[in-house]
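Worksheet: one structure, shown below.
Only a predicted model underlies this, so the values are computations on that prediction, with no experimental measurement involved.
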Amino acid sequence: MKTRNIFDNLSAIDHRYSLSEAAVFDGLSSYISESASIRSCAKAEAALVKAHLSVRKSLTPEIEQKLDAIAQAIDPEEVYQEEQKTQHNIRALVNVMKTKVPADIAPLVHLGATSVDILDTALSMRMRDAVQQVVLPELKALEKDLCAIADREAETPQVGRTHGQHAVPITFGWSIAEFVSRLGKSILRIEELSNQLKGKLAGPVGSYNGPSMIVKDPEELERIYLSFLGLEPSEYSNQLVEPEYLLRLLLEINVAFGIIANLADDLRNLQRSEIGEVFEYFSSTQVGSSTMPQKRNPWNSEHVKSLWKAMCPRVMTFYMDQISEHQRDLTNSASQRFITDYLTGFTMAVARMHKVVSGLQADTANMEKTLQDAGGKVKGGVLAEPAYILLGEAGENNGHEIIRKITLECEQTGATFFEVLKKHTEVFTKITEQLKKLGVKDAETFFENPARYRGLAAEKSRRLAQKYAELMK
């Protein structure tokens with residue numbers, strides 16, 4: 001077969017990303033490349049022969065090993081050449097395999113099966129193995145690094161943000177713990193769904209017509225066939241395995257993709273010049289701009305978001321492949337082949353996000369400065385909320401309005417919230433007394449340092465980090 005220069009390939013996955021994310025590309029290639037696709041179908045055909053021999057009580061370890069070796073050694077080019085004659089991919093594979101197996105068992109190749117008994121079973125096997133052997137390890141590596149940051153930065157003060165505006169204080173660990181929790185749950189669900197993919201050996205309309213001409217219990221033959229591949233039968237099949245098994249897995253992967261894109265967006269924005277609270281690793285030879293030598297662009301985070309934009313809309317195709325008219329049509333034949341592109345794009349985004357996170361550093365000094373200055377025109381105004389709540393606890397019915405007027409006074413005078421609050425002696429005394437009731441130390445200076453108002457941010461950050469780090473094992 002002629003070898004093509006990778007730079008002559010059409011898909012960016014096969015040139016640019018096969019180089020930048022070589023480990024992911026090579027890992028996935030073992031499971032979802034065209035060679036892997038053909039060999040997985042050959043493996044399914046070999047499993048079917050084993051099943052026939054098993055029910056005949058004539059399967060030996062030597063024959064089993066020989067069939068496995070034949071399936072692994074199938075030459076995709078030879079199958080493609082045969083397909084030029086048959087115009088049918090599975091019949092081409094069957095014809096090739098019949099020339100490879102011992103003559104006495106050649107009649108058992110594909111016996112009682114329809115094409116999709118092989119195709120859908122092989123697809124389930126490939127997707128299970130690709131997800132469990134490549135995708136999940138990448139996801140878990142990212143999750144563990146997020147857990148490490150959430151734990152390490154559990155006490156690092158940071159201003160919270162809603163609507164792009166300063167809100168109340170949190171910690172940087174808490175902002176990362178959001179993604180620890182969201183992504184962690186999605187990873188566990190992906191793992192669960194990857195174990196629920198099914199196969200079939202039920203014939204052209206799923207009612208076991210062909211297998212019933214071979215054995216008394218066609219469902220037992222199906223179970224034996226699938227057991228060689230580590231799968232279970234679909235509860236119901238027409239010509240196809242019920243599409244929802246794979247659909248649910250792909251949808252949950254898309255959920256994880258959205259979480260990762262959200263993380264990429266947050267980290268990119270925290271690197272904005274006017275914020276500058278985190279920074280990615282930047283090598284000594286790296287260039288941020290072709291014309292501005294000082295630039296250090298957060299391009300890795302942007303790259304993750306861009307891959308999400310390219311791949312996320314494909315979820316509509318997954319939904320459309322759910323529909324196949326009158327037992328089966330071929331409207332999923334081309335579209336389903338692009339699942340491999342989607343899975344590859346997703347895994348490459350995970351790997352790139354892992355690179356960002358593994359080298360991510362918090363600019364703690366800048367975080368502290370931003371928090372001290374937070375509140376817009378009201379320096380320290382992020383502490384208006386606890387002041388109003390404490391007044392309410394002290395029995396003041398109009399606490400919100402009282403504090404609002406104090407913030408207006410801050411704007412007019414340029415004084416900090418703490419400075420103006422102290423001038424309102426009666427209000428300040430009520431608030432301070434409430435703090436003392438809560439057991440807050442140095443209650444009189446509580447409003448001088450916004451970092452003290454962080455709720456359970458540090459405690460829950462550590463708790464979530466420890467929980468998901470343990471679950472990722």
Rounded to the nearest 0.5 Å, how far apart are [atom1] of [X] and [atom2] of [Y]?
X      : Y      : atom1 : atom2 : answer
Gln327 : Gln239 : CD    : CD    : 9.0 Å
Ile259 : Phe179 : CD1   : CZ    : 9.0 Å
Leu371 : Thr156 : CG    : OG1   : 11.5 Å
Cys147 : Arg462 : SG    : CZ    : 14.0 Å
Leu146 : His354 : CG    : NE2   : 8.5 Å
Ser33  : Arg126 : OG    : CZ    : 9.0 Å

Given 3.5 Å as the limit, does a donor-acceptor pair link the side chain of [X] with the main chain of [Y], or not?
X      : Y      : result
Gln271 : Leu267 : yes
Ser461 : Ala457 : yes
Thr340 : Arg337 : yes
Ser227 : Ile224 : yes
Thr413 : Glu409 : yes
Asp151 : Ala465 : no
Asn269 : Asp265 : yes
Ser234 : Tyr236 : yes
Arg128 : Gly230 : yes
Glu222 : Leu201 : yes

Taking the basic N atoms (NZ, or NE/NH1/NH2) and the acidic carboxylate oxygens, is any pair closer than 4.0 Å for [X] and [Y]?
X      : Y      : result
Lys430 : Glu433 : no
Glu470 : Lys473 : yes
Glu21  : Lys355 : yes
Glu155 : Arg454 : yes

Review item, side-chain donor-acceptor pairs of residues 8-16, under 3.5 Å, at least two apart:
unit_1: Asn9; atom_1: OD1; unit_2: Arg4; atom_2: NH1; d: 3.3
unit_1: Ser11; atom_1: OG; unit_2: Ile13; atom_2: N; d: 3.1
unit_1: His15; atom_1: NE2; unit_2: Ser11; atom_2: O; d: 3.2

(message) Is the ring pair Phe318/Tyr342 parallel, tilted or perpendicular, if the boundaries are 30 and 60 degrees?
(response) perpendicular
Original post:
Is there a donor in the side chain of Glu138 and an acceptor in the side chain of Thr347, or the other way round, less than 3.5 Å apart?
Top reply: no
Side-chain atoms of residues 392-403: list all donor-acceptor pairs with protein atoms under 3.5 Å, sequence neighbours left out, distances to 0.1 Å.
unit_1: Glu396; atom_1: OE2; unit_2: Asn398; atom_2: N; d: 3.1
unit_1: Glu401; atom_1: OE1; unit_2: Arg404; atom_2: NE; d: 3.0
unit_1: Glu401; atom_1: OE2; unit_2: Arg404; atom_2: NH2; d: 2.8

*asked:* side-chain contact (heavy atoms from CB on, under 4.5 Å), that's the test. Do Thr171 and Glu153 meet it? Break it down for me.
replied: CA-CA 7 Å; Thr171 69; Glu153 308 291 349; over 6 Å; no
Next on the checklist: Set out, in order, the CA-CA distance, both residues' side-chain angles and the distance that settles salt bridge (charged side-chain N to carboxylate O under 4.0 Å, His left out) for Glu143 and Lys140, then state yes or no.
Outcome noted: CA-CA 5 Å; Glu143 175 74 356; Lys140 289 182 178 183; over 6 Å; no
With Lys198 as partner, the option from Glu235, Glu232, Glu244 fulfilling side chain to side chain donor-acceptor pair (under 3.5 Å) is Glu232
Between Lys200 and the options Asp117, Asp120, Thr114, Thr121, the side chain to side chain donor-acceptor pair (under 3.5 Å) test singles out Asp117
Test side chain to side chain contact (heavy atoms under 4.5 Å, CB included), reference Cys410, set Leu421, Thr416, Val378, output is Val378
Exercise. Check the pair Arg328, Val116 against side-chain contact (heavy atoms from CB on, under 4.5 Å), reporting the backbone distance first and the verdict last.
Key: CA-CA 10 Å; Arg328 193 219 176 180; Val116 186; 3.3 Å; yes
Notebook entry, point to check: Leu193 and Val131: side-chain contact (heavy atoms from CB on, under 4.5 Å), yes or no, with the steps?
Noted result: CA-CA 10 Å; Leu193 290 168; Val131 168; over 6 Å; no
For residues 172-184, the side chain to side chain donor-acceptor pair (under 3.5 Å) pairs (sequence neighbours left out) are Gln158-Ser175, Glu178-Arg182, Ser181-Lys185, Arg182-Asn262
For Lys369 and Glu277: C-alpha separation, side-chain torsions, deciding distance, then whether salt bridge (charged side-chain N to carboxylate O under 4.0 Å, His left out) applies. CA-CA 10 Å; Lys369 182 179 183 301; Glu277 293 188 355; over 6 Å; no
| task | Count the heavy atoms of every other residue, nucleotide or ligand shown that sit under 6.0 Å from CZ of Arg223, and state whether that count exceeds 12. | result | yes
On a heavy-atom basis, the closest approach of Leu435 and Phe447 is CD1-CE1, 3.9 Å
Smallest heavy-atom separation, Met125 atom then Leu231 atom, equals N-CD1, 4.2 Å
What I'd like to find out is whether the side chain of Phe172 reaches to under 4.5 Å of the side chain of Ile149, using heavy atoms alone. yes
Mind running side-chain contact (heavy atoms from CB on, under 4.5 Å) on Ile275 and Thr370 for me, showing each step along the way? CA-CA 8 Å; Ile275 297 176; Thr370 301; 5.9 Å; no
